[in-house]
Structures are given as C-alpha cells and as structure tokens.
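See below for the structure under consideration.
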Amino acid sequence: MRTVEVPLGQRSYQIKIAPKLLPRLGVECRRLKLGARCAIITDSTVGPLYAKNALASLKEAGFDPALITVPAGETAKSIRNVERCYDQLAKHRLERKSFIVALGGGVVGDLAGFVAATYLRGIPFVQVPTTLLAQVDSSVGGKTGVNLKAGKNLVGAFHQPRLVLCDLDILRSLPQREFRAGLAEVIKYGIIYDTSLFARLERALPRLLRKQPAVLGSVIARCCEIKADVVGQDETESGLRAILNFGHTIGHALEAISSYGKYLHGEAISIGQVAAAKLSNALTGLPEADTKRITQLFKRAGLPTAVTLTAVQRKALFGAMRLDKKVSAGEVKFVLAQRIGKVVWGQRVPESEIVGVLTADGRR
Ligand code: NAD
Ligand code: GLY
C-alpha cells in the first residue's frame, strides 16, 4: 500500500492507495476514533456497485451506517440535494462525532464534503473516491461545494477529510470516457509541477489507458504527493494553490455554458489546458515544442483539445469566466506555463488572445 501524508497540522490526514481497500473501510474508520453513527453518501451508479460492500465493512467494524443516494452526474451538485442530505442525516440522528463517507466521484465528494462541512456546523468525513479524477484531485485538499445556475462551485467551504481511501480495483468499473477525463487532471500535475512526471506519462500512456495496476498506483500516488505538497503550503488558496487551476478558467466556463452536460469536467479542462498552453506560448514564453507536447499528450489520451463557438456562445463564455471564483477586481486571472513543470499564476490575458487559442487552428 502507498501512503501519502497531507501535512496540515492538526488537520493532517493520510491518503491510502492500493487494491482491495474498500473492504477495509470499517477498520480504517475505526482508527479515526469517530462516533458509531455515520452515513454513506453515494450516487445512483456507484451505489448499486459498491454500497453493499461499504455498508458491510462499516457494520462489521461496529458502526451504524445509513445510506443516502443522489442521482449520478454533475447536476447532483445542487443546493436542493444538500438539503435532501441534511434531512436524511437528521432522520438518522447523526451527531457531532458522527461522520459521512463520500463514496463516489468528484460530484459525490464535493457534495458530501459540503454537507459534512455545514451539518451541525461541521462533522468529520472520509473520502472513498471512485473515479480517477477524484482519486488524484477532488478527494484531496478540502475544497467542497455545489454549483449554482450562474456558475460552478459558487457555494462551498474548505473542509478537510479525515482520511482518503483510493481503492485501485474500483477503477475497473469506471467507463473509459470517465477514465480519460481523469487523465486530464493527471497530465495537469506534470505541466504545473513535475517535468519528469510529464515525460513518464508520455511513455506510459498506453499502459495507463489499460489501467495497468503498477503504473496506475504509482502515477496516482505521485499526483497525490504533488497535491498534498501544494495544499500543505497554501490550504485556502491565497497564492500557490492557484496553480492547480491551470486550464480551469476556460474549462469551468465551458462547462457552465453547456449547462454541465456536453463536456465532462476533465474534457472541458483538457480544452482549457491546451488553450492555456497556447496563451503561455504567446505571453509567458512557453516554448513552441512544449506547447506541441502538451497538445499531443491530451490528444493521445483521447481528450478534446479545441472547441468551435458561435458569437453568442463566445459572449456567454466570457460572461461565465467573469463569474469564476478566480476573478479579482473584475479581472479574470490565468495560470500560465513558462515551461513544462513550471507555471506562474495571477496572469492578465486580453480577451482577444483567448478567442484566438480556443479553435484548433488558432483562427480568430
Ligand atoms: P462524477 O463524480 O460525476 O463521476 C463520473 C461518473 O462516473 C458518474 O456518472 C458516476 O456515477 C460514475 N462513476 C463513478 N465512479 C465509478 C466507478 N468506479 N465505476 C463506474 N461508474 C462510476 O465525476 P468526476 O469526474 O469524478 O468529478 C467531477 C467533479 O469533481 C466536478 O463537479 C468537479 O467540479 C469536481 N472537482 C472538484 C475538485 C475539488 O478540489 N474539490 C477538483 C476537481 C474536480
Ligand atoms: N482542484 C483545485 C484545487 O483543489 O485547488
């Protein structure tokens, strides 16, 4: 088993990465010395696959779990579902020492984390991420929240989990499109922080796409190490943590204007990262060769790298970007790369440059 520490003083926790971890959920929760009552929050796809095992493991370790199931998909990240979860927690009489288990992808993790952050002014929670994206990114670092019609993740809280369990076996049932979407966040870590991870991904991509356990385990662990390192230095995003948003300004806006339906999160940020790489080439000196390597890797991973927008859609995209949380004093700020492995944040980018880089051939 690989273990990564997230160093946050009293709120430090471990990320455990290995096959066959779900059956150990109860034993692992026992070690955290939490109350007996708990609730698993999952979605309508993951629940039927894994909730039975999770419930059995918790019961065997002496816990009294309830099961709360929300619909699968991005639209479940809503205030309405938050309220539904609160009602279920109250019905099951969860107390301050009770805890929530988030069993699912980033949607369930963000929703359940936000419910845990706010119910009774905050109760503990454990992340059991079931998508690649959630294992390498969303389950770590304590960002929780839900969407509004106006934009993604506009309501939320920082609330760190007490433990993250990444069971590699669970990824076997993940549809390949979702797995590829997770690779967009994996590639991001190479671009923002680790040249050798990027080069390794270029070599190991075919094995990764086959979900070969040894490669998968070590790549997930490296991504978690990078995230833990960044979050350990800047938990609430006053500076450095912004680098994790590489490609997300355009990506989130694309998701918002397509009503969270057309693109998976990973697909939208793939387009966003390729656009950010092209902007970096123009504005922060990212070499042409690095820009090509970045575009190529996303393409090889089977991810979209460009989008065609009508004038109306373009206007909506800029409107959505201005609503992004990363806007400061009305200005959209970008994370841009200087080379693969090194980025700078807080960069101003003229709107005319953005239009140019979104299409495949750079037409304005
Ligand atoms: P998701 O949670 O919607 O999961 C994708 C789909 O796969 C869902 O339909 C789900 O039911 C299904 N699924 C999940 N695990 C499965 C499995 N093992 N087998 C079969 N099907 C499975 O999407 P996601 O990509 O995991 O997460 C995207 C969300 O994460 C977005 O809302 C995004 O904003 C958020 N996010 C949050 C952070 C953060 O720091 N909090 C970081 C990145 C992304
Ligand atoms: N996924 C961005 C962050 O955790 O900060």
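Quick note: numbers below take in every heavy atom, side chains included, and nothing from hydrogens, waters or symmetry partners.
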(message) With a 4.5 Å cut-off on side-chain heavy atoms, are L103 and L22 touching?
(response) yes

(request) Supply the atom-to-atom distance I192 CD1 to F246 CZ, rounded to the nearest 0.5 angstrom. (result) 9.0 Å

(message) Looking at every non-hydrogen atom in both residues, tell me the closest pair between A116 and F125 and how far apart they are.
(response) CB-CB, 3.7 Å

(request) May I ask you to decide if P175's main-chain N or O and E178's side chain share a donor-acceptor pair within less than 3.5 Å? (result) no

(message) Taking CD in Q338 as the centre, count heavy atoms belonging to other residues, nucleotides or ligands within less than 6.0 Å. Is the count above 12?
(response) yes

(message) Could you check whether R80 pairs with E83 (Lys NZ or Arg NE/NH1/NH2 to Asp/Glu carboxylate O, under 4.0 Å)?
(response) no

(request) Could you tell me which non-hydrogen atom of C85 sits nearest to which non-hydrogen atom of I41, and how far apart they are? (result) SG-CD1, 3.9 Å

(request) Calculate, to the nearest 0.5 Å, the distance between atoms CG and CG belonging to L132 and L183 respectively. (result) 5.5 Å

(message) I'd like to know whether T118 forms a side chain to side chain donor-acceptor pair (under 3.5 Å) with Y86, so could you lay out the CA-CA distance, the side-chain angles of the two residues, the decisive distance to 0.1 Å, and finally the verdict.
(response) CA-CA 9 Å; T118 46; Y86 291 152; 2.6 Å; yes

(message) Between R37 (side chain only) and R93 (backbone N and O only), is there a donor and an acceptor less than 3.5 Å apart?
(response) yes

(request) Kindly indicate whether the side chain of V107, heavy atoms from C-beta on, has any atom under 4.5 Å from the side chain of D43. (result) no

(request) Let me know which of R322, K315, R314 forms a salt bridge (Lys or Arg N to Asp or Glu O under 4.0 Å) with E351. (result) R322

(message) Could you check whether any side-chain N or O of R30 sits under 3.5 Å from a backbone N or O of A61, counting only pairs where one atom can act as donor and the other as acceptor?
(response) yes

(request) Indicate if I220 and L165 have the same hydrophobic cluster label, given that clusters are the connected sets of ILVMFWY residues with side-chain heavy-atom separations under 4.5 angstrom. (result) no

(request) Nearest 0.5 Å please: distance from the CG atom of L34 over to the CD1 atom of I100. (result) 11.5 Å

(request) Flag the pair V128 / D167 as yes when at least one side-chain heavy-atom distance between them is below 4.5 Å, and no otherwise. (result) no

(message) For a side chain to side chain contact (heavy atoms under 4.5 Å, CB included) check, start with the C-alpha distance between Y13 and L8, then their side-chain angles and the critical distance, and finish with the verdict.
(response) CA-CA 8 Å; Y13 54 94; L8 289 168; 4.1 Å; yes

(request) Please check if any side-chain donor atom of S173 sits under 3.5 Å from a side-chain acceptor atom of Y50, or the reverse. (result) yes

(request) With salt bridge (Lys or Arg N to Asp or Glu O under 4.0 Å) as the test, would you mind laying out the steps for R172 and D169 before giving the verdict? (result) CA-CA 6 Å; R172 284 205 206 129; D169 291 336; 3.2 Å; yes

(message) Just to verify, what does Y193 make a side chain to side chain donor-acceptor pair (under 3.5 Å) with, not counting sequence neighbours?
(response) D229

(request) Check whether any side-chain heavy atom of F334 sits under 4.5 Å from a side-chain heavy atom of L283, and report yes or no. (result) no

(message) Is there a path of hydrophobic side-chain contacts, each under 4.5 Å between heavy atoms of I/L/V/M/F/W/Y residues, joining V136 to V6?
(response) yes

(message) For residues W345 and V230: do they belong to one hydrophobic cluster (side chain heavy atoms under 4.5 Å, members Ile, Leu, Val, Met, Phe, Trp, Tyr)?
(response) yes

(message) For E255, run the side-chain hydrogen bond (donor to acceptor under 3.5 Å, both in side chains) check against K262, H248, H265 and tell me which one passes.
(response) H265

(request) Say whether, by atom type as modelled, one donor and one acceptor occur between the side chain of Q127 and the main chain of I15 under 3.5 angstrom. (result) no

(request) Nearest 0.5 Å please: distance from the NZ atom of K77 over to the CG atom of L148. (result) 11.0 Å

(message) Between R180 (side chain only) and A301 (backbone N and O only), is there a donor and an acceptor less than 3.5 Å apart?
(response) yes

(request) Apply side chain to side chain donor-acceptor pair (under 3.5 Å) to E225 and list each qualifying residue two or more places apart in sequence or on a separate chain. (result) R222

(request) For the residue pair R200 and V219, establish whether any side-chain heavy-atom pair is separated by less than 4.5 Å. (result) yes

(message) Please check this pair: side chain of R84 against backbone of I68, looking for a donor-acceptor N/O pair closer than 3.5 Å.
(response) no

(request) Specify the closest pair of heavy atoms between N281 and E288, including all atoms of both residues, with the distance to one decimal. (result) OD1-OE1, 3.3 Å

(request) Mind listing the closest non-hydrogen atom pair of V126 and C29 along with its distance? (result) CG2-SG, 4.1 Å

(request) Give the cluster check for I294 versus L209: same hydrophobic cluster or not, with ILVMFWY residues linked at side-chain heavy-atom distances below 4.5 Å. (result) yes

(request) Find out if a path of hydrophobic residues (ILVMFWY) with successive side-chain heavy-atom gaps under 4.5 Å connects I40 to V70. (result) no

(message) Has E235 got a side-chain atom pairing as donor or acceptor with G141's backbone, closer than 3.5 angstrom?
(response) no

(request) Mark yes or no for whether T69, through its side chain, and S44, through its backbone, hold a donor-acceptor pair below 3.5 Å. (result) no

(request) Using a 4.5 Å cut-off on heavy atoms from C-beta on, say whether the side chain of V82 contacts that of V155. (result) no

(message) Do L32 and P124 have side chains that approach each other closer than 4.5 Å (heavy atoms only, starting at C-beta)?
(response) no

(request) Measure across D234 and G239 and return the closest heavy-atom pair with its distance rounded to 0.1 Å. (result) OD2-N, 2.8 Å

(request) Calculate, to the nearest 0.5 Å, the distance between atoms CG and SG belonging to L21 and C166 respectively. (result) 8.0 Å

(request) Keeping the roles fixed (side chain from S280, backbone from A337), state whether a donor-acceptor pair exists under 3.5 Å. (result) yes

(message) Could you measure the distance from the CD atom of Q10 to the CD atom of Q160? Nearest 0.5 Å is fine.
(response) 13.5 Å

(message) Do the side chains of E202 and R300 get close enough for a salt bridge, i.e. N-O under 4.0 angstrom?
(response) no

(message) Can you give me the closest heavy-atom contact between I17 and G217, atom names plus distance?
(response) CG2-O, 4.1 Å

(message) Contact between E237 and K143 at the side-chain level, heavy atoms closer than 4.5 Å - yes or no?
(response) yes

(message) Keeping S57 on the side-chain end and P23 on the backbone end, is there a donor-acceptor pair under 3.5 Å?
(response) yes

